[in-house]
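This report refers to the structure that appears directly beneath it.
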Amino acid sequence: MTIPEIMKKRMTVSFEVFPPKQDKPLEPLMNVLNRLYTLQPDFISCTYGANGTNAGRHMEICKAIRDSGKTVPISHFTCIGSTREDIKKQMEKCLLIGVNHILALRGDIPAGWEGTRGDFSHASELISFLRQEYGNSFVIAMAGAPEKHIESETFAEDIAHLRMKQDSGADFLMTQLCFDTEHFKRWLDNIRKAGVRIPVDVGIMPVLNKNSIIKMCLSLNGCSIPQPLAELISRHYNDSEEDFRKAGIEYTIRQVYEYMSLGIGGLHFFTLNKAEAILDICEGCGIAYRK
Ligand code: FAD
């Protein structure tokens, strides 16, 4: 069964990891993966550096996940800066190592660039291209931002583009982090009304560190910090990072329950390459137990 087929039957649980820098050893990430496998995830996705800066390392990680036989690897892929031929080379490599699930992205446009410096301007074009070239050889995921992509002026515009990506051939949607579940509910309702019918896999960012949450929301993704999270961040916890982490894990567990009550297709945890907190969260809310 493919991942979206599973999502139509039951909620999936999955994780995102990122490759270490080229000059750093792979072993710590392999240890993290071994810990994550104990939760029997439906898949593990691996991020891809903008413009393919870490393509080699990325492929090594996807292959290691595939070779483990423990779960399905999903390769993130950004088309920015790539020609059709570059994309085909990368896709052939994926197929060669047995990776047939792709999160098809445009990628962020680096400062100072004009356009995407590649053959495609938007992820929808990449998705159409993959379908034309490879038929159903790949299961294709697309990205979606519940608080809208920062480049979009309006929600209506952004949601129309999600519909275009689905209609170009995407099989399921993976979301950006969103701490405001009330907002998420309205977005889910609106995308459904706009005809986006594919399963939605919700990105969960564990609340573990005050500064990184503030940075991720306000400097990187344009996401809001709802009042209960703002309150959590404002408390002092006797200046103890460990106490904040405990409170953050409890907060994340409550958020997981809220998402589960919406009948979503899956929960996708951004692990930040740290296994222990993810094990605590998944066990804490009873969605997975280490074997
Ligand atoms: P698009 O879908 O192309 O959208 C980008 C903007 O263009 C949006 O505002 C959209 O509304 C608009 N748009 C889309 N289609 C059209 C159209 N036809 N006409 C006009 N406007 C249009 N980045 C990485 O570099 N590496 C990663 O591994 C990575 N992983 C991610 C994982 C997830 C789950 C998510 C949600 C994001 C990830 N990103 C990653 C970030 C992503 O690359 C950025 O959000 C990027 O800015 C946009 O990519 P996209 O695929 O959403 O682009």
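Both ligands and their constituent atoms are indexed starting at 1 by order of listing. Quick caveat: nothing in here was measured; it's all calculated off a predicted structure.
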- Query: Between C94 and I102, is any pair of side-chain heavy atoms under 4.5 Å apart?
  - Reply: yes
- Note on the structure: Sorted by chain and residue number, the residues having a heavy atom closer than 4.0 Å to an atom of ligand 1 are T47, Y48, A50, H76, T78, L103, L105, R106, G107, D108, H122, A123, A143, H149, E151, S152, D158, H161, M164, K165, M174, T175, Q176
- Task: Please go through M205's hydrophobic cluster and name the other residues, only I, L, V, M, F, W, Y counting, with side-chain heavy atoms under 4.5 Å joining them.
- Result: L177, F179, V207, I213, I214, M216, L218, L220, I225, L229, L232, I233, Y237, F244, Y251, F270, L272
- Show which residues join I109 in its hydrophobic cluster (side-chain heavy-atom contacts under 4.5 Å, direct or indirect), or state none. I80, W113
- Message: Parallel, tilted or perpendicular: which one describes the rings of F43 and F172, with boundaries at 30° and 60°?
- Response: perpendicular
- Message: Just checking H183 against F155, ring centres under 6.0 Å apart?
- Response: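 Yes, the ring of H183 comes within the 6.0 Å limit of the ring of F155, centre to centre.
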- Qualifying salt bridge (Lys or Arg N to Asp or Glu O under 4.0 Å) pairs, either residue in residues 49-59, two or more places apart: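 Listed by first then second residue: R57-E60.
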